[in-house]
Amino acid sequence: MRKKIIAANWKMNMTVSETAGFLEDFRLDIEDVNGVEIVIAPPFTALAKLSELLGGSQKIRLGAQNMYFEMSGAFTGEISPAMLRELFVRYVILGHSERRQIFGETDALINKKVHAALASELKPILCVGETLAERDAGKEKQVLETQLKGSLAGVTAEQMLDVVVAYEPVWAIGTGRNASPEQAQDAHAHVRAVLAALTNAETADKVRIQYGGSVKPANAAVILSQPDIDGALVGGAALEPRSFSEIVKAAVPQ
Ligand code: PEP
């Protein structure tokens with residue numbers, strides 16, 4: 001049984017004071033929730049405060065939205081794995097489509113980050129997904145395969161167990177337009193097949209694959225009920241405690 005993982009990607013939103021306010025309300029909302037792994041990835045400026053407020057919570061894990069692959073040095077504007085580890089960060093989102101599209105991140109760079117994260121005991125949430133043009137051209141499976149093979153090159157079967165993959169069709173992110181449960185399941189099954197080819201079927205069966213793209217309380221349950229969908233990476237709907245907690249509740253094992 002793969003434990004479902006629901007992660008909030010706050011992107012460039014939420015100040016330190018807004019983070020504290022969110023956590024106060026969110027904690028009350030999820031008091032009775034069990035059996036789901038919850039991750040919050042705030043902007044870097046709020047990581048230290050959230051880490052302090054969480055105080056090593058088992059229920060809510062801390063995530064980062066990005067990092068560089070070097071441990072320290074002359075890399076202006078970047079954050080290292082060591083800096084994240086010191087704040088008890090457990091997960092790091094890598095290869096988000098906004099990083100790929102706006103900041104030009106390639107699979108080769110993302111691969112270096114994946115290895116740096118694993119070497120520092122940070123669990124990568126590796127994002128993959130096709131654009132609308134790629135889907136319209138019938139190339140979505142090929143795109144997923146290329147991104148997975150490039151980003152996960154050299155990752156062993158044992159290391160793969162610490163990787164979470166997030167399938168995020170670019171056309172569904174922040175657009176209000178989500179993939180149908182069938183489209184998402186089909187893509188997730190393909191991701192799992194590629195992971196099996198990269199490692200083995202037993203390993204691929206244990207890796208969690210999240211869906212991301214306009215997940216909200218109204219569509220979370222049906223998406224999360226698909227056999228190969230093991231959680232959600234949530235952007236817009238994770239900025240408000242009640243809507244994020246409702247998505248978390250939709251992932252509680254029945
Ligand atoms: C995301 O950015 O990872 C995401 C899925 O955003 P949204 O939920 O807003 O579509």
Side-chain angles (χ1 to χ4, degrees), residues 4-14 18-19 22 26 36-44 46-47 60-67 89-105 110 113-114 117 123-132 134-135 140 143-144 147-148 151 163-181 183-185 187-188 191 208-224 226 228-251:
K4 289 218 173 12
I5 174 166
I6 307 293
N9 172 17
W10 282 353
K11 311 192 187 194
M12 199 175 69
N13 298 292
M14 303 293 256
E18 286 167 345
T19 298
F22 176 100
F26 181 67
V36 182
E37 195 165 0
I38 304 169
V39 180
I40 300 179
F44 288 134
L47 272 177
I60 306 171
R61 300 296 195 188
L62 196 54
Q65 297 177 20
N66 182 30
M67 60 164 219
V89 171
R90 294 289 185 104
Y91 287 92
V92 57
I93 299 170
L94 296 176
H96 190 278
S97 63
E98 286 148 18
R99 303 276 343 150
R100 292 175 186 263
Q101 295 200 320
I102 305 171
F103 301 101
E105 291 200 8
I110 296 161
K113 294 184 178 193
V114 166
K123 296 174 195 272
I125 297 180
L126 170 68
C127 301
V128 293
E130 79 285 357
T131 62
L132 188 56
E134 288 162 344
R135 177 163 281 265
E140 67 274 13
V143 169
L144 291 177
Q147 291 179 345
L148 287 165
S151 306
V163 175
V164 175
V165 176
Y167 167 62
E168 298 207 309
V170 179
W171 46 273
I173 297 180
T175 57
R177 181 181 162 184
N178 57 295
S180 70
Q183 281 173 323
Q185 165 55 29
H188 279 234
V191 168
R208 292 176 298 175
I209 308 172
Q210 295 176 307
Y211 172 77
S214 298
V215 174
K216 35 190 183 282
N219 61 23
V222 62
I223 289 171
L224 292 167
Q226 301 301 309
D228 283 293
I229 300 186
D230 310 310
L233 182 55
V234 188
L239 292 171
E240 204 272 307
R242 181 54 58 87
S243 94
F244 188 49
S245 65
E246 282 179 18
I247 294 169
V248 168
K249 286 176 189 168

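These figures come from a predicted structure and were not determined experimentally. Counting starts at 1 for both ligands and their atoms, following the listed order.
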- Donor-acceptor contact below 3.5 Å, side chain W10 vs main chain A238: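 Yes: the side chain of W10 pairs with the backbone of A238.
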Can you list the residues that meet the side chain to side chain donor-acceptor pair (under 3.5 Å) rule with [X], with sequence neighbours excluded?
| X | result |
| --- | --- |
| E140 | none |
| Q210 | none |
| E246 | none |

- Task: Go through K11 and E98 one step at a time and tell me if the side chain to side chain contact (heavy atoms under 4.5 Å, CB included) criterion holds.
- Result: CA-CA 9 Å; K11 311 192 187 194; E98 286 148 18; 2.8 Å; yes
- Residues lining ligand 1 [heavy-atom distance under 4.0 Å, listed by chain and residue number]: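 Contacts of ligand 1 under 4.0 Å: N9, K11, H96, E168, A172, I173, G174, G212, G213, S214, L233, V234, G235, G236.
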- Query: Knowing that exactly one of K4, R90, R208 qualifies, which makes a side chain to side chain donor-acceptor pair (under 3.5 Å) with E37?
  - Reply: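 Only one of K4, R90, R208 forms a side chain to side chain donor-acceptor pair (under 3.5 Å) with E37, namely R208.
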